[in-house]
2 protein chains.
Amino acid sequence: MSRKSLDKATILQAAIELADDMGLEQVTLSSLAQRLGIKSPSLYNHIDGMRGLRRELALHGLQLLCDSMTKAAVGKAGEKALLSIGIAYVAFVREHPGLYEATQPAPDQMDEELVAASYRSVQLLLDVLDEYQLERDDALHMVRGLRSMLHGFASLELRGGFGLKLDTDESLMRMLRTYLSGMELQVRTID
Amino acid sequence: MSRKSLDKATILQAAIELADDMGLEQVTLSSLAQRLGIKSPSLYNHIDGMRGLRRELALHGLQLLCDSMTKAAVGKAGEKALLSIGIAYVAFVREHPGLYEATQPAPDQMDEELVAASYRSVQLLLDVLDEYQLERDDALHMVRGLRSMLHGFASLELRGGFGLKLDTDESLMRMLRTYLSGMELQVRTID
DNA sequence: TATAATAACTAATTATATTAGTTTTGGCAA
DNA sequence: TTGCCAAAACTAATATAATTAGTTATTATA
């Protein structure tokens, strides 16, 4: 019966597929257990209930997202790197809509580890912005802007918020280029 | 017993307060009925179940948000108007976190009326952008950028995504100014 | 081979959404 | 005023989900 003994990674993988296929809210312990061929209480041997599962999904999603962004920035710098990161971000959300949703937990379930996982993306952006030689706070404001744009774009697209027949990839590139040209303008003005 | 006979507006108001105070996911038909002093099945006399309630919240939220944005743009033009709209957007989300969350329903519950309500904000932004004399598609890409920024910023702030001790209002203003300066640059370059 | 830990199971509890069917009530017409 | 009817409340019942408690089976190991 407990033949191959399920492990947490397998459970997580099934949850991710379920989330991406059916939407995060469709990932119940029942549906997950059914997909794994076990009864839902058995899941408690591996994960800390629904809340624990959501947390694992968030951590895993943040990790994968940051990995994608990092990979996209390898060998690139400045605007090229930032555009590449932006494209990778949106591509990740398109590939993992449910998992991405899980990376945005309610504030009350935030803990140190989640904050740290989230901050890794912030650090990546700070590293790329490094060459612009901005003051620390100026760089942080820029990062907030970039994160807002990417999260907002990806979320709206995910929810079908862009109804019109207008190329979304084009919208993404323009948004990033517009923001970055505004940024360059500031940087040059300061010098 | 059915003394003053509840109406839909009263129910909606209670649901909004519940959502803003406790979070949207805490708005159950049980909790809502309890707050109204009735039993949950009685709600079905006024609303079409949980799904219907969510839809009403979305519609109402989109309406209120668009009203706020519109009011903010009265008597203003260009960058001033856009900054004012952005501030109003974020202020609305801060005031109505739960209701705002309800304005982003899953794609499968989208219908014509919701799309129309959502499009009113798009039209407002298009109207403000009118003076820049952009091509239709250029303007639409700009609007997507603005919406993405505002939604992303508001969502991240709502979820406690901005952990650092750095003024968020300042971040918002800088984000908008950076984007708008990039936009002005493009417009001027085209001329 | 026997035992201990692990991981599955069943059973039961609580909470929620929903439907069906019943009762109450408040307004309006006779 | 009185009686009727539609609206809106109610109770009861069902289905799904999360969770806990307690039980059984299996696997690894002493």
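Convention: sequence-line order gives letters A, B, ...; per-chain numbering from 1. Because the structure is predicted, anything quoted here is derived from the model rather than measured.
- Atom CG of Leu6(B) and atom P of dC10(D) are 10 Å apart (whole Å).
- Rounded to whole Å, atom C1' of dT6(C) lies 15 Å from atom NZ of Lys8(A).
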Report task. Please test Asp48(A) against Arg55(A) for salt bridge (Lys or Arg N to Asp or Glu O under 4.0 Å), starting from the C-alpha separation and ending with a verdict. Result -> CA-CA 9 Å; Asp48(A) 193 10; Arg55(A) 187 174 170 282; over 6 Å; no
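- For the pair Arg159(A) and Glu101(A), the salt-bridge criterion is met [side-chain N within less than 4.0 Å of a carboxylate O].
- The interatomic distance linking Glu25(A) (CD) with dT16(D) (P) rounds to 18 Å, in whole Å.
- Inter-residue side-chain proximity for Arg147(A) and Phe162(B) is flagged as met; some heavy-atom pair is nearer than 4.5 Å.
- Counting only N and O atoms by type, the side chains of Thr10(A) and Asp7(A) include a donor and acceptor under 3.5 Å apart.
- Look at CG on Leu29(B): it is 14 Å from P on dC10(D), rounded to the nearest Å.
- Proximity of residues 38-54 of chain B to DNA chain C (heavy atom under 4.0 angstrom from any strand atom) is restricted to Ser40(B), Pro41(B), Tyr44(B), Gly49(B), Met50(B).
- Using a 3.5 Å distance cut-off with no hydrogens or angles, the side chains of Gln26(B) and Ser31(B) do not pair a donor with an acceptor.
- Under a hydrophobic-cluster definition in which Ile, Leu, Val, Met, Phe, Trp and Tyr are linked whenever side-chain heavy atoms come within less than 4.5 Å, directly or via other members, Met175(A) and Leu134(B) are assigned to the same cluster.
- Remark: C1' of dA7(D) and CG of Asp7(B) are 13 Å apart, rounded to the nearest angstrom.
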